[in-house]
Amino acid sequence: MKISRNASLVSASVTLEITARVKQLKSEGKSIIGFTAGEPDFNTPNYIIDSAKTALDNGVTKYTPVSGLPELKRAICEKFKKDNGLEYSPSQIIVSDGAKSSLFHTFYALLDQGDEVIVPAPFWFTYEEQIKLCGGVAKIVQTKKENGYKITAEELESAITDKTVAFLINSPSNPTGALYTEEELRKLAVVLEKYGLVTVSDEIYEKLIYDGEKHVSIASVSQYMHDNTVVINGVSKTYAMTGWRIGYLAAPIELASAINRLQSQTTSNACSFAQVASVTALTEVNDVVENMRLSFDDRRKYIMKRADELGLSYVKPKGAFYLFIDISPIFGKTYKGKVINNSVEFSKQLTEYGVAVIPGSPFYADNFIRLSYAVSLKDIEEGFNRIKNFLNELV
Ligand code: PLP
């Protein structure tokens, strides 16, 4: 059957191979500790679930306006004002079925064939695939260890060409957990304004921040940035609501209208009762949410301690729930006669040993593996006991 050029361009996820192997090994009765999850292991808090149940009982089961329920859009405007110091009118807000969908519609509305988007690496692999699908080109800029794997203003400026349309930033970052400071964002903003670029700022991990650090939205650092940034966010990670599929964006009005038109022809609207539950998530203050963050922080400290004990070096995560470990010192060693030369080979062998991790290569960081600490302390403990034994078996 004919498959379109566009669909053929999209790469299958490298992680799928590992996930499939994990499933197979588990079905054969093997115990596997998985550090692969990109989502909280907690269930959605009960008070949020209850509000969805009430919405269903009240008949909130129909289409909603394309851009979202008015009460949710108002709650999102309030959130932006309170948390980020950003003023938007409801007409600038589009609710979608997940931040992934918000990103896709943004790229689709922004890009023409050959337009470039600057993407600092390591980055979440979906960005590049979506940019390609929308006819654009991801201009990848490798960030440096000495800069905490964050792009500098100089690196940004030297990546700009006459085809550059946009800049993508993800702070806190998946996969590194890196968090940009206000000063760093201000320096980037100067370059972005000088060249008249649009910024797409993925802030989905905004609330998962540790060590007393502060999240700053790049949209808040100047009037230009406010007027030329699309802020992407959602409820998936903060409220353990990955399955509910609610994301949202704030955009300049012309872009928001274009995205609204697109969404009216693609998904129509996000799930009605999940939108009601999202109003509850965004407006009710509840300890459960803070307690989840505190648990992630405990696990973060523990996983770093275990990595330290094994002499592994990593990017110290300031946010999100991933530990990005440098495995390059291991390259060239063998396990059961097989040489390990890259992150995929390492991850495959470790999976056979009973620990599943995500190789760094799809994030454009082949010297690394990504471990999610959205898993129990018990699993982190057992997983690291196994990693220790695995490393001891390498020759
Ligand atoms: N942005 C980043 C950086 C992510 O890691 C993810 C999910 O893994 C998303 C966006 C997608 O979030 P959502 O569940 O709202 O589609």
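When a ligand or atom number is given, it counts from 1 through the structure's own listing order.
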Going by ring pair (Phe, Tyr, Trp, His ring centres under 6.0 Å), name the residues that satisfy it together with Phe123, two or more places apart in sequence or in a different chain.
Tyr364
How does the hydrophobic cluster around Phe273 look, that is, which other residues are in it when side-chain heavy atoms under 4.5 Å mark a link?
Leu56
Any carboxylate oxygen within less than 4.0 angstrom of a Lys/Arg side-chain nitrogen, looking at Glu182 and Lys187?
no
With a 4.0 Å heavy-atom cut-off, what residues sit around ligand 1?
Gly98, Ala99, Lys100, Trp124, Tyr127, Asn170, Asn174, Asp202, Ile204, Tyr205, Ser236, Lys237, Arg245
Return the orientation label for the Tyr108 and Phe104 ring planes: parallel under 30°, perpendicular over 60°, tilted otherwise.
tilted
Qualifying ring-ring contact (aromatic ring centres under 6.0 Å, His included) pairs, either residue in residues 209-236, two or more places apart:
Tyr88-His226
Decide, yes or no, whether a salt bridge links Asp211 with Arg300 under the criterion of side-chain N to carboxylate O below 4.0 Å.
yes
